K.L.:
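This is the structure, below, for whatever I ask next.
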Amino acid sequence: MAGTLYLIPSTLGPGAIDTIPPATLAITRRLRHFVVETGKVARAFLKEVELDHRLQECTYYELNKRTRPEELPDFLAPAQDGEDVGLLSDAGAPGVADPGARLVRLAHQRGIKVVPLVGPSAILLSVMASGLNGQSFTFHGYLSPKRPQLAKDLKRLEGESRRYKQTQLWIEAPYRNQATIEVAREALSPTTLFCAAVDLTTETEWIYTAPAGEWALERGAEIQKRPAMFLLLA
């Protein structure tokens, strides 16, 4: 009988292990096979989880943008031999804005049971806390790192938001937060609602929604190099 592929949400920042429910921790503690985005990050998380056995006794498979499709069947080999496997993202829910979806799809194709576990999701938390439309929203991953194209991307998302009455959200590399706010101030209509959700679930969490025209540029410096989600609603 095949094992189960458990989708394990990890913490969104340091010192937030209490955001992982006890039931999720209990399942994670007994697993010995993990598919991870980054080995170092995953082991740091699992150390906080306090597994029922030593970290060195576990098997780790790295699944990231460099992983070749032909490697994926090996990652599910333990499950096909009857052992359970855990899938971990570097932060938040696996399979959402990370390469884990490829493994989940293969598990379905091979008849391996897939079980999503409860835990933090930066996407849902930011929508919840933004005050923007939670009935209809679209997540776009990363936008362009180049300012001229980013301005075009934001104008396009603003147009889609206005047309469909839909919240638009995206993630950004922390070192580009300041540039994102500067470009948003320039490109968006002053009345478009713009939100940043920073350091979610941690002690330094900061969430702010206001019309783009009211955003102070120094806000960008304050959140520079801190994990953030951005949202807008026209």
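Just so it is clear, the structure is predicted and the values come from calculations on it, not from any experiment.
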K.L.:
Show the nearest heavy-atom pair for residues E37 and P99, with the distance to one decimal.
P.N.:
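Closest approach of E37 to P99, heavy atoms only: OE2-CD, 4.1 Å.
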K.L.:
Please examine the side chains of T11 and T201, heavy atoms only from C-beta on, and report whether any two atoms are closer than 4.5 Å.
P.N.:
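The answer is no; the side chains never approach within 4.5 Å.
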K.L.:
Give a yes or no on whether E57 atom CD has more than 12 heavy-atom contacts from other residues, nucleotides or ligands under 6.0 Å away.
P.N.:
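Check passes, neighbour count above 12.
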K.L.:
Step by step, would you call L55 with Y60 a side-chain contact (heavy atoms from CB on, under 4.5 Å)?
P.N.:
CA-CA 10 Å; L55 289 174; Y60 304 93; 3.6 Å; yes
K.L.:
Could you tell me the separation between the CG atom of L157 and the CG atom of L233, rounded to the nearest 0.5 Å?
P.N.:
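Reported value, rounded in 0.5 Å steps: 12.0 Å.
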K.L.:
Answer whether the closest heavy-atom distance between the side chains of L87 and V85 falls below 4.5 Å.
P.N.:
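The answer is no, as the side chains (C-beta and beyond) never meet within the 4.5 Å cut-off.
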K.L.:
Between K155 and E158, does at least one N-O distance fall below 4.0 Å, as a salt bridge requires?
P.N.:
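A salt bridge is present here (some side-chain N lies under 4.0 Å from a carboxylate O).
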K.L.:
Determine, using the 4.5 Å side-chain heavy-atom cutoff (strictly less than), whether L51 and I17 are members of one ILVMFWY cluster.
P.N.:
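Shared cluster, yes.
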K.L.:
Output the distance between atom CD (E83) and atom NE2 (H33), rounded to the nearest 0.5 Å.
P.N.:
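So the CD of E83 and the NE2 of H33 are separated by 3.5 Å.
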K.L.:
Quick one, I27 and V115 - any side-chain contact, counting heavy atoms below 4.5 Å?
P.N.:
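Result no, sub-4.5 Å side-chain heavy-atom pair not found.
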K.L.:
From Y142 OH over to W170 CH2, what is the distance, rounded to the nearest 0.5 angstrom?
P.N.:
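Answer for the OH-CH2 pair, Y142 versus W170, is 14.0 Å.
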K.L.:
Could you go step by step and tell me if L132 and F137 meet the side-chain contact (heavy atoms from CB on, under 4.5 Å) rule?
P.N.:
CA-CA 9 Å; L132 306 185; F137 57 90; over 6 Å; no
K.L.:
Can any side-chain N or O of E214 pair as donor or acceptor with the backbone N or O of P211 at less than 3.5 Å?
P.N.:
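Checking the backbone N and O of P211 against the side chain of E214, no donor-acceptor pair under 3.5 Å is found.
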K.L.:
Working to the nearest 0.5 Å, report the span between CZ of R226 and CD of E172.
P.N.:
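Here the interatomic distance stands at 15.5 Å.
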K.L.:
State, with a plain yes or no, whether a side-chain heavy atom of P73 is found less than 4.5 Å away from one of L106.
P.N.:
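Yes, close enough: below the 4.5 Å cut-off.
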K.L.:
For L117, is there any backbone N or O sitting under 3.5 Å from a side-chain donor or acceptor partner on T24?
P.N.:
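Between the backbone of L117 and the side chain of T24 there is no qualifying donor-acceptor contact (under 3.5 Å).
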K.L.:
Heavy-atom distance under 4.5 Å between the side chains of N177 and V198, does that happen here?
P.N.:
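No, every pair of side-chain atoms sits at 4.5 Å or beyond.
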K.L.:
In terms of side-chain geometry, is the basic nitrogen of E222 or R219 positioned less than 4.0 Å from the acidic oxygen of its partner?
P.N.:
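Yes, E222 and R219 are salt-bridged.
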K.L.:
Please indicate whether E70 has more than 12 foreign heavy atoms, meaning atoms of other residues, nucleotides or ligands, lying under 6.0 Å from its CD.
P.N.:
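Yes - once you tally the heavy atoms of other residues, nucleotides and ligands closer than 6.0 Å, there are more than 12.
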K.L.:
State whether the side chain of Q166 and the backbone N or O of T138 hold a donor-acceptor pair below 3.5 Å, judged by distance alone.
P.N.:
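Here the side-chain-to-backbone pair does not exist.
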K.L.:
Measuring from atom CE of M128 to atom CD1 of I123, what distance do you get when rounded to the nearest 0.5 angstrom?
P.N.:
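CD1 of I123 is found 13.5 Å from CE of M128.
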K.L.:
For the hydrophobic clusters of this structure (ILVMFWY residues joined by side-chain heavy atoms under 4.5 Å, transitively), does one cluster hold both L232 and V183?
P.N.:
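Same cluster.
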K.L.:
Where do I207 and C195 land on the side-chain contact (heavy atoms from CB on, under 4.5 Å) test, with the steps shown first?
P.N.:
CA-CA 7 Å; I207 304 163; C195 174; 4.1 Å; yes
K.L.:
Tell me the closest heavy-atom pair linking E160 and Q168, and the distance in Å.
P.N.:
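Result for this residue pair: OE1-OE1, 3.7 Å.
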K.L.:
Mind listing the closest non-hydrogen atom pair of P21 and G119 along with its distance?
P.N.:
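So the two residues come closest at CD-CA, 4.1 Å.
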K.L.:
Do P145 and L150 have side-chain heavy atoms sitting under 4.5 Å apart?
P.N.:
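P145 vs L150: side chains apart.
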K.L.:
Does one hydrophobic cluster hold both Y6 and L46, with members joined at side-chain heavy-atom distances below 4.5 Å?
P.N.:
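Y6 and L46: one cluster.
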K.L.:
Ignoring hydrogens, what is the shortest heavy-atom contact between L125 and P120? Give both atom names and the distance.
P.N.:
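So the two residues come closest at CD1-CB, 4.4 Å.
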K.L.:
Can you see which heavy atom on I223 is nearest to which on A196, and at what distance?
P.N.:
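Result for this residue pair: CD1-CB, 4.4 Å.
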K.L.:
Just verifying a value: how many Å separate R147 CZ and E182 CD, rounded to the nearest 0.5 Å?
P.N.:
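Taking CZ in R147 and CD in E182, the distance rounds to 4.5 Å.
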K.L.:
Which atoms form the tightest heavy-atom contact between T202 and G13, and what is the distance?
P.N.:
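In this case the closest contact between T202 and G13 is CG2-CA, 3.7 Å.
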K.L.:
Determine, using the 4.5 Å side-chain heavy-atom cutoff (strictly less than), whether I8 and V36 are members of one ILVMFWY cluster.
P.N.:
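Yes, one cluster joins them.
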K.L.:
Report yes if the side chains of V49 and I20 come closer than 4.5 Å at any heavy-atom pair, otherwise no.
P.N.:
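No. Closest side-chain heavy atoms not under 4.5 Å.
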K.L.:
Kindly say whether T4 contributes a backbone atom to a donor-acceptor pair with the side chain of D84 at under 3.5 angstrom?
P.N.:
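Yes, the answer is positive, given that a donor and an acceptor are paired below the 3.5 Å cut-off.
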K.L.:
side-chain contact (heavy atoms from CB on, under 4.5 Å), that's the test. Do K152 and S144 meet it? Break it down for me.
P.N.:
CA-CA 9 Å; K152 293 179 181 178; S144 174; over 6 Å; no
K.L.:
Taking the side chain as C-beta and beyond, is there a heavy-atom pair between F194 and R185 under 4.5 Å?
P.N.:
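They are not in contact (no side-chain heavy atoms under 4.5 Å apart), so the answer is no.
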K.L.:
Parallel under 30°, tilted from 30 to 60°, perpendicular over 60°: which one fits the rings of F75 and Y61?
P.N.:
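F75 vs Y61 ring planes: tilted.
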K.L.:
Let me know which of D98, L72, T38, L88 forms a side chain to side chain contact (heavy atoms under 4.5 Å, CB included) with L63.
P.N.:
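When side chain to side chain contact (heavy atoms under 4.5 Å, CB included) is applied between L63 and each of D98, L72, T38, L88, only L72 qualifies.
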K.L.:
Are L188 and Y208 linked, directly or through intermediate hydrophobic residues, by side-chain heavy-atom contacts shorter than 4.5 Å (ILVMFWY only)?
P.N.:
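Looking at the clustering, L188 is in the same group as Y208.
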